[in-house]
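Worksheet: the structure to be examined is printed underneath.
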There are 2 protein chains.
Amino acid sequence: MEEGTSNSPSYCCRTEDDYGVLQWDTREDCEVRQILDRIADKWSLLVIALLDRHTMRFTQLRREIDGISQRMLTTTLRQLERDGLVRRTVHPVVPPRVDYALTPLGGSLHKTIQALVDWTEEHQSEIAAARTRYDHEAREKIN
Amino acid sequence: MEEGTSNSPSYCCRTEDDYGVLQWDTREDCEVRQILDRIADKWSLLVIALLDRHTMRFTQLRREIDGISQRMLTTTLRQLERDGLVRRTVHPVVPPRVDYALTPLGGSLHKTIQALVDWTEEHQSEIAAARTRYDHEAREKIN
DNA sequence: CGGGATCCGATGCGATACTG
DNA sequence: CAGTATCGCATCGGATCCCG
């Protein structure tokens, strides 16, 4: 395909039209877009990446994710639990003990998340170089 | 591995320690974290997903991404261009014509982005079900 | 058409204090 | 330990106007 035409796919949900051709649903309130916003969230991504095969406690997660506030960790974990990606286990002991782990659904998501993290690690030097080049050229245009 | 210990991996950059064991860099200002924040951004994700094999013009992108403002599209495209993921081509014609396309680097990222979108499409019903269940149980606890 | 500049409101998010 | 609740600001991002 060369250049996009008026009936080219647009974001975000792919559906088939009457002729069986893949089209995209452009609605902003599309469910897939909402889920993507949640998953591609700054903190959610890190939590899911971290929980791989680990059962972790609240404070432990907080220590591992530098810069996250207690409030945001709570919020993020609740949303992930609501979405069925994380399982929260409360142990009736004193002091309280709460464990977090990926559900099977969360585990399947972890694979693609990890692929994204891996890609970033592999290409970080290229991106850094591109940024340096861009900033350099931008500076030249001023002078 | 059972439960995380004090030397379990923590976010975000994996590096090897003196013994060659994979460790994670926990610094908040870690480069990988910054890149992830940029890529996993709401609009960046959509732009990259859309630009697959397409060369698209500004207005076209704007139409396809429902809900994006002109300002955010400009900002997003500039950042992606700076990161070397998108190539911006200005045609010296009147009226002006500017094309956007993925660079090879952006193309390699597209694969993992698309995997994330695909995952979301495949599992959206499971997530919707989990949300309904969660909200239902939360409502019961109140009563 | 493809933006840049400015204004300004929503809300994301941190800091702090309190609790079972 | 693992939260909840409240406050307050700072950043994100939309609306609008202007321009080559």
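So that the names make sense, note that chain A is the first sequence line, chain B the second, and so on, each numbered from 1.
- Atom pair A:Asp99:CG and D:dC1:C1' shows a separation of 12 Å (rounding to whole Å applied).
- Partners of B:His110 under the ring-ring contact (aromatic ring centres under 6.0 Å, His included) rule, at least two apart in sequence or in another chain, do not exist in this structure.
- Within the 4.0 Å cut-off from OP1 or OP2 of D:dA2, not a single side-chain nitrogen or oxygen of A:Arg88 is found.
- When the local axes at the two ends of the helix from C:dC1-D:dG20 to C:dG20-D:dC1 are compared, using 5 base pairs at each end, they differ in direction by 50° after rounding to 10°.
- Tested against A:Leu51, the residues A:Leu46, A:Leu80, A:Leu61 include a single side chain to side chain contact (heavy atoms under 4.5 Å, CB included) partner, A:Leu61.
- Contacts of B:Arg78 with the nucleic acid, taken as non-hydrogen atoms under 4.0 Å apart, involve only primed sugar atoms and P, OP1 or OP2.
- One interatomic measurement links the two molecules: CZ of B:Arg97 to C1' of C:dG3, which rounds to 16 Å at whole-angstrom precision.
- When rounded to the nearest whole Å, the span between CE of A:Met56 and P of D:dG3 equals 14 Å.
- In this model, the phosphate group of D:dC1 is not approached by any side-chain N or O of A:Tyr100 to a distance below 4.0 Å at OP1 or OP2.
- Minimum heavy-atom separation, B:Ala115 to A:Thr112: O-CG2, 4.1 Å.
- Atom CD of A:Gln79 and atom C1' of C:dC13 are 13 Å apart (whole Å).
- Toward the 5' end of DNA chain D, the nearer of the two residues A:Pro95 and A:Thr74, judged by each one's closest nucleotide, is A:Pro95.
- For the atom pair B:His123 NE2 and A:Ile39 CD1, the distance stands at 9.5 Å (nearest 0.5 Å).
- Judged by distance alone, the side chain of B:Thr55 and the main-chain N or O of B:Tyr100 form no donor-acceptor pair under 3.5 Å.
- For B:Val94, there are no side chain to side chain contact (heavy atoms under 4.5 Å, CB included) partners two or more places apart in sequence or in a different chain.
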Which pairs, protein N/O on one side and nucleotides 16-20 of chain C N/O on the other, fall under 3.5 Å?
none

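- If you measure from atom NZ of B:Lys42 to atom P of C:dT11, you get 11 Å, rounded to the nearest angstrom.
- In this structure, CG of B:Asp37 is placed 14 Å from C1' of D:dC12, rounded to the nearest angstrom.
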Taking it one step at a time, do B:Asp83 and B:Gln79 satisfy side chain to side chain donor-acceptor pair (under 3.5 Å)? CA-CA 6 Å; B:Asp83 290 348; B:Gln79 286 168 342; over 6 Å; no

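- The interatomic distance linking B:Arg57 (CZ) with C:dG2 (C1') rounds to 9 Å, in whole Å.
- Here A:Ser125 pairs with nothing under the side chain to side chain contact (heavy atoms under 4.5 Å, CB included) rule; sequence neighbours left out.
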Which atom pairs, donor and acceptor, lie under 3.5 Å between side-chain atoms of residues 70-78 of chain A and protein residues at least two apart or in another chain?
residue: A:Thr74; atom: OG1; partner: A:Gln70; partner atom: O; Å: 2.9
residue: A:Thr75; atom: OG1; partner: A:Arg71; partner atom: O; Å: 2.8
residue: A:Thr76; atom: OG1; partner: A:Met72; partner atom: O; Å: 2.7

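- Taking every side-chain heavy atom of A:Met72 into account, C:dG14 is the closest of C:dC1, D:dG3, C:dG14.
- Here A:Thr59 reaches the OP1 or OP2 of D:dA2: one of its side-chain N or O atoms lies under 4.0 Å away.
- If you take CG of A:Leu73 and C1' of C:dA15, they are 16 Å apart, rounded to a whole angstrom.
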